[in-house]
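Accompanying notes for the structure given below.
The chain is numbered in sequence order, starting from 1. Please read these numbers as outputs of a predicted model, since none were measured by experiment.
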Amino acid sequence: MTTDPTGALSDLDPSEPLPGVIRVETHSRAQSTPMIVDRVRSVYPHDQIYGEFCTVHGYVDAPPRELFEWLCDTRSLEEWTYSTRDLRQTETAELWVGTDRLNTDTAIYVRTIADPGAMTVDYHCAWDQPDHLWMIYLMRVVDAQLVLNRPGSVVLWTNCRHPFYDRNPFPDTVPAGREEWVGDLWDMFAAGHQIELDNLTAIAEHRHRIGLPLTPEWMTS
């Protein structure tokens, strides 16, 4: 492998390529093509796709900035999620608490962190307790004109499999009688989140189609 002494990877020893790094300098087209083909399958094991990360994405026929502003309001979760309801502000700034109706008496705490420049909306959440919001929903709104050459929005949504999904570190906060933990549902996250993204899409597109603002009046009054 030849390396420009002032360019890419110039800080590494060119005689010892990094294991697992495949670049045109180390693997010819003839060498890399069968490696790529070997990774393309008609059927993929569920755990291989959704073991550590769960990502759903889709197109929304509604203006990206308006969509972002709607999602920035934590209360929008009451509209497009399947089960987050009854959100109200706590005494802590920017912290909300509601009910996750997947289970009886399950409180869900939410803090929304948004970046207007990148149009990212991250929901930091946790069941049962507000002190460690470890369950984080990472969302980004992209102008579809940039990536699909048409008006509208693209929404990207990813969850990472935090270790707490596998073990609840706050057992003392669990309401009496509840046996299910949120991590028990991980294998259904992709399907469940796709339903919620479909909800988001249907609501936003309907409001846009009939001329209503995407953020409803009850959120702004």
Quiz prompt | Expected output: side-chain T33 to main-chain A30 donor-acceptor under 3.5 Å | solution = no
Exercise. Could you tell me the separation between the CD1 atom of I203 and the CG atom of L212, rounded to the nearest 0.5 Å?
Key: 12.5 Å
Quiz item: Is E52 reaching over with its side chain to a backbone N or O of R161, donor-acceptor style, under 3.5 angstrom?
Solution: no
Quiz item: Any chance OH of Y82 has more than 12 other-residue heavy atoms, nucleotides or ligands included, within less than 6.0 Å?
Solution: no
Quiz item: Only one of F170, W127, Y165, Y109 forms a ring pair (Phe, Tyr, Trp, His ring centres under 6.0 Å) with W134, so which one is it?
Solution: Y165
Quiz item: What closest approach, in Å, do A114 and C72 show between heavy atoms, and which atom pair accounts for it?
Solution: CB-SG, 3.5 Å
Quiz item: When you measure from the side chain of E196 to the backbone N and O of N199, does any donor-acceptor pair fall under 3.5 Å?
Solution: no
Practice problem: Report yes or no: does E69 contribute a side-chain atom to a donor-acceptor pair with the main-chain N or O of T215 at less than 3.5 Å? | Solution: no
Quiz item: At their closest point, which heavy atom of S153 faces which heavy atom of P63, and how far apart are they?
Solution: OG-C, 3.5 Å
Practice problem: Go through F189 and V56 one step at a time and tell me if the side chain to side chain contact (heavy atoms under 4.5 Å, CB included) criterion holds. | Solution: CA-CA 10 Å; F189 266 34; V56 295; over 6 Å; no
Quiz item: How many angstroms lie between CG in L200 and OG1 in T81, if you round to the nearest 0.5 Å?
Solution: 10.0 Å
Quiz item: If Ile, Leu, Val, Met, Phe, Trp and Tyr residues are connected whenever their side-chain heavy atoms lie under 4.5 Å apart, and connections chain through other members, are V60 and I195 in the same group?
Solution: no
Exercise. For residues V97 and I108, determine if any side-chain heavy atom of one lies less than 4.5 Å from a side-chain heavy atom of the other.
Key: no
Quiz item: Which heavy atom in A126 sits nearest to a heavy atom in H132, and how many Å separate them?
Solution: CB-O, 3.5 Å
Quiz prompt | Distance in Å, L138 CG paired with D122 CG, rounded so as to fall on 0.5 Å steps | solution = 5.0 Å
Quiz item: Got a sec: does the NE2 of H162 have more than 12 other heavy atoms crowding it under 6.0 Å?
Solution: yes
Practice problem: Enumerate the residue pairs fulfilling side-chain hydrogen bond (donor to acceptor under 3.5 Å, both in side chains) with a member in residues 174-189, sequence neighbours excluded, ordered by first and then second residue. | Solution: N103-E180, T106-R178, D128-R178
Quiz item: Would one find more than 12 heavy atoms of other residues, nucleotides or ligands at under 6.0 Å from atom CD of Q31?
Solution: yes
Quiz item: Where do L87 and T74 come nearest, in terms of heavy atoms and distance?
Solution: CD1-O, 3.4 Å
Exercise. Taking the six-membered ring for Trp and the full ring for Phe, Tyr or His, determine whether the centres of Y137 and H124 are under 6.0 Å apart.
Key: no
Quiz item: Would M135 and M188 show up in the same hydrophobic cluster when neighbours are defined by side-chain heavy atoms closer than 4.5 Å?
Solution: yes
Quiz item: Rounded to the nearest 0.5 Å, what separation is found between the CG atom of D86 and the OG1 atom of T99?
Solution: 4.5 Å
Quiz item: Would L77 end up clustered with L185 when hydrophobic side chains under 4.5 Å apart are linked, directly or stepwise?
Solution: yes
Exercise. Identify the heavy atoms of S83 and L102 that sit nearest to each other, and give their distance.
Key: OG-CG, 3.4 Å
Quiz item: If you round to the nearest 0.5 Å, how far is CZ of R75 from OG1 of T84?
Solution: 15.0 Å
Quiz item: Any link between F164 and F53 through a network of hydrophobic side chains (Ile, Leu, Val, Met, Phe, Trp, Tyr) touching at under 4.5 Å?
Solution: no
Exercise. Indicate, with yes or no, if M139 and L133 share a hydrophobic cluster defined by side-chain heavy-atom contacts under 4.5 Å among Ile, Leu, Val, Met, Phe, Trp and Tyr.
Key: no
Exercise. Would you please test M35 and I22 for side chain to side chain contact (heavy atoms under 4.5 Å, CB included) and show each step?
Key: CA-CA 10 Å; M35 298 171 67; I22 300 171; 3.2 Å; yes
Self-check item: Check: R111 side chain, Y123 main-chain N or O, donor-acceptor pair, under 3.5 Å
Solution: no
Practice problem: Run through the side-chain heavy atoms of Ile, Leu, Val, Met, Phe, Trp and Tyr, join any pair under 4.5 Å, and report what else lands in Y59's cluster. | Solution: V142, L146, V147, L148, V154, L156
Quiz prompt | Test log, rule side chain to side chain contact (heavy atoms under 4.5 Å, CB included), inputs T26 and V21 | solution = CA-CA 8 Å; T26 60; V21 175; 5.8 Å; no
Quiz prompt | Side chains of W218 and E79, donor plus acceptor under 3.5 Å | solution = yes
Quiz item: Does R207 use its side chain to pair, donor to acceptor, with the backbone of A62 at less than 3.5 Å?
Solution: no
Quiz item: Are D143 and R65 close enough for a salt bridge, meaning some N to O gap below 4.0 Å?
Solution: no
Self-check item: Rounded distance [0.5 Å steps], OG in S76 versus CG in L71
Solution: 5.0 Å
Quiz item: Would you call L95 and Q89 a side-chain contact if the rule is heavy atoms closer than 4.5 Å?
Solution: no
Quiz prompt | Smallest separation among heavy atoms of N168 and P171, with atom names | solution = O-CD, 3.6 Å
Quiz prompt | side chain to side chain contact (heavy atoms under 4.5 Å, CB included) between V121 and F68, worked out | solution = CA-CA 8 Å; V121 184; F68 166 77; 3.6 Å; yes
Quiz item: Do W157 and H57 pass the ring-ring contact (aromatic ring centres under 6.0 Å, His included) test, and can you show the C-alpha distance, the side-chain angles, and the key distance before you say yes or no?
Solution: CA-CA 6 Å; W157 172 9; H57 41 77; over 10 Å; no
